[in-house]
Amino acid sequence: MSALKQIAKDTLLKGKNYVYHKEQNQEAKRMQNLVENETGKLSTKNKNLCIEYALDIFGHKKYAPWLMSYCVFSHEFKEGWIPDNYYGEYVVSKLKGDYGKICDRSPVISKLLKDNNSTDLGYYINQLFLDTNNKIFDSKSFRDLIFQHHDRIVFKVENSLQGKGIYFFDKQTFNLKKIQSLGNGVFQKFIKQHPFFNKFNDSAVATIRLTSVCKDNGDVEVRAGYFRFGRTNDTHVISSRQMRIPIDITKGTLWNKQLAFYPKSEFTKKLPDNDIDFPGMKLPFFDKCISEIKKKHSLIPFIRCIGWDIIVDENEEVVIIELNGGHNGITFNEMVQGPCFTGLNWENLRH
């Protein structure tokens, strides 16, 4: 019986694996088609190079579609690219595992990061209202606590993704039944961003997405980054509406190419809501952002690759908005500026 159960389990896993790669490759093909409509078809030579590289380095041609989507944008093949389906299958599972989920648990991660500039005010966890020291409060006392020094607060549902599950309250609109129906989450201060970011959108707090890695020797490096901001009248950055501009992380400037990207990676030379001449603009206190991310990642080195959403506030402090410790996005940076993750030995994780 145990052998039959194992066969059934293996069959189920193979089925899930097939669906995963199918969905991944459909998305890679979508991105390839999108870019081809703007820049022309992927050459036969580069297509063959992508297939050969997928077979030689990653062991299967199912990893070729993501390489093709990167290659068509660059107009050349580059060794070192990481296909997103390979990243999810091997990098996430072997260099993060269940520990990556810690990033979604605000009461835990804030303690691990020892973040003195944390925006956390308290938590609603498993039907308990808690302050940042995990002291339990009744609902009325908790309401008084979080609005003691703040007129407006943010509630983020645990495991919320892509800008969903974010709610804004003031003392009058704060609704206990609403909170309890939403489930576990974190209450945070409302961030007032540095004036630089208001040029792009003054109604929604922008984010700087930095991707850091912890190497085998413990060194932390920031390998990729982009600036993302909301559209007119958005209350916060929503993935389905966001605009993105790559960051030159060596200089702390917005990409010097006249390109910004819509949510599905369509690109434009002109921003849709303003006429900012953005190429080469220097991000404020970017060196401080890099230094802070390196310091924080070194406290949780066992999560080997993290996507950090941060911003510089009006007091010139680096504020961590959230961490992405699971299957964080790498495709945008790999396509536009990659390869971003060379020298990390990731290609050998399948062995």
Side-chain angles (χ1 to χ4, degrees), residues 88 92-93 95-143 145-147 150 152-170 173-191 204-212 228 230 234-242 293 296-297 299-300 302-311 319-329:
V92 173
S93 62
L95 298 186
K96 305 186 190 192
D98 288 340
Y99 286 94
K101 298 175 183 177
I102 295 173
C103 294
D104 298 324
R105 306 293 181 258
S106 295
V108 178
I109 198 65
S110 63
K111 295 290 189 301
L112 291 175
L113 295 180
K114 303 174 184 177
D115 189 2
N116 294 326
N117 200 37
S118 173
T119 59
D120 291 8
L121 295 170
Y123 314 99
Y124 179 67
I125 304 293
N126 297 338
Q127 301 186 25
L128 294 175
F129 288 101
L130 308 167
D131 69 6
T132 53
N133 293 313
N134 292 336
K135 179 181 177 182
I136 299 173
F137 282 72
D138 63 67
S139 56
K140 182 181 181 304
S141 299
F142 184 79
R143 181 173 178 267
L145 171 72
I146 60 174
F147 287 106
H150 306 279
R152 191 181 186 197
I153 60 98
V154 182
F155 180 72
K156 293 182 181 178
V157 177
E158 199 169 79
N159 297 328
S160 60
L161 297 171
Q162 301 180 336
K164 300 174 183 177
I166 298 177
Y167 301 87
F168 299 86
F169 295 99
D170 56 32
T173 60
F174 186 73
N175 187 320
L176 282 173
K177 289 185 178 179
K178 174 73 172 177
I179 296 295
Q180 291 167 328
S181 70
L182 294 171
N184 294 349
V186 56
F187 298 89
Q188 295 182 325
K189 305 171 189 175
F190 186 79
I191 301 169
V205 175
T207 60
I208 298 169
R209 164 63 68 88
L210 297 177
T211 301
S212 63
R228 57 198 289 258
D234 287 347
T235 59
H236 59 283
V237 176
I238 303 169
S239 292
S240 61
R241 286 175 51 79
Q242 68 180 356
I293 292 309
K296 296 302 185 187
H297 196 161
L299 297 174
I300 46 174
F302 41 81
I303 307 173
R304 303 288 299 277
C305 183
I306 300 174
W308 305 77
D309 285 337
I310 65 172
I311 197 61
V319 179
I320 297 174
I321 298 173
E322 65 180 28
L323 286 69
N324 299 271
H327 192 153
N328 56 301

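Values in this document were obtained by computation on a predicted structure and should not be read as measured data.
A heavy-atom distance below 4.5 Å is found between the side chains of W308 and H297. Counting only heavy atoms from C-beta outward, the side chains of I179 and F129 approach each other to under 4.5 Å. Side-chain contact between I125 and P107: present, with at least one pair of heavy atoms (C-beta onward) separated by less than 4.5 Å. L95 places none of its side-chain heavy atoms less than 4.5 Å from the side chain of C305. With contacts defined as side-chain heavy-atom distances shorter than 4.5 Å, the pair I102/I109 qualifies. In this structure, the side chains of V157 and Y167 come closer than 4.5 Å at one or more pairs of heavy atoms. With a 4.5 Å cut-off on side-chain heavy atoms, I320 and D115 count as touching. Side-chain contact between L323 and I303 is absent, with no heavy atoms from C-beta onward closer than 4.5 Å.
Closest approach of D104 and E158 over heavy atoms only: O-CG, 3.1 Å. Nearest heavy-atom pair, K296 versus L113, reported as atom, atom and distance to 0.1 Å: NZ-O, 2.9 Å. Here the closest heavy-atom approach between residue I311 and residue A206 is recorded as CD1-O, 3.3 Å.
Under the side chain to side chain donor-acceptor pair (under 3.5 Å) criterion, R152 pairs with no residue at all, not counting sequence neighbours. Scored by the side-chain contact (heavy atoms from CB on, under 4.5 Å) test, D98 finds K101 as partners (sequence neighbours excluded). Residues meeting the side chain to side chain donor-acceptor pair (under 3.5 Å) test with K96, sequence neighbours left out: Y87, N328. Under the salt bridge (charged side-chain N to carboxylate O under 4.0 Å, His left out) criterion, R209 pairs with D309, sequence neighbours left out. Legend: residues meeting side-chain contact (heavy atoms from CB on, under 4.5 Å) with D170, ordered by chain and number and at least two apart, are Q172, T173. Under the rule for a salt bridge (charged side-chain N to carboxylate O under 4.0 Å, His left out), K111 has no partner lying at least two apart in sequence or in another chain. Evaluation of the side chain to side chain donor-acceptor pair (under 3.5 Å) rule for T207 yields R228 as partners, not counting sequence neighbours. For the side-chain contact (heavy atoms from CB on, under 4.5 Å) test, no residue two or more places apart in sequence or in another chain qualifies with S93. Not a single side chain to side chain donor-acceptor pair (under 3.5 Å) links S118 to another residue, sequence neighbours left out. For F302, the ring-ring contact (aromatic ring centres under 6.0 Å, His included) partners are Y99, not counting sequence neighbours. Residues meeting the side-chain contact (heavy atoms from CB on, under 4.5 Å) test with T235, sequence neighbours left out: F168.
Two rings, from F155 and Y124, have their centers 6.0 Å or more apart.
Taking CD1 of I153 as the start and CD1 of I146 as the end, the distance is 4.5 Å to the nearest 0.5 Å. Atom CG of L210 and atom CD1 of I306 lie 12.0 Å apart (nearest 0.5 Å). The distance from atom CG of D138 to atom CZ of R143, rounded to the nearest 0.5 Å, is 12.0 Å. Atom CZ in F137 sits 9.5 Å away from atom CG in L130 (nearest 0.5 Å). The distance from the OG atom of S212 to the CD1 atom of I293 is 6.5 Å, given to the nearest 0.5 Å. Remark: D234 CG to S240 OG distance equals 8.5 Å, nearest 0.5 Å.
Pairs engaging residues 175-189 under the side chain to side chain donor-acceptor pair (under 3.5 Å) rule: T119-Q188, D120-Q188, N126-N184, K156-Q188 [sequence neighbours left out].
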- Show your reasoning for whether side chain to side chain contact (heavy atoms under 4.5 Å, CB included) applies to V319 and I310. CA-CA 6 Å; V319 179; I310 65 172; over 6 Å; no
- Task: Evaluate the criterion side chain to side chain contact (heavy atoms under 4.5 Å, CB included) for residue pair L128 and Y123; output intermediate values, then yes/no.
- Result: CA-CA 8 Å; L128 294 175; Y123 314 99; over 6 Å; no
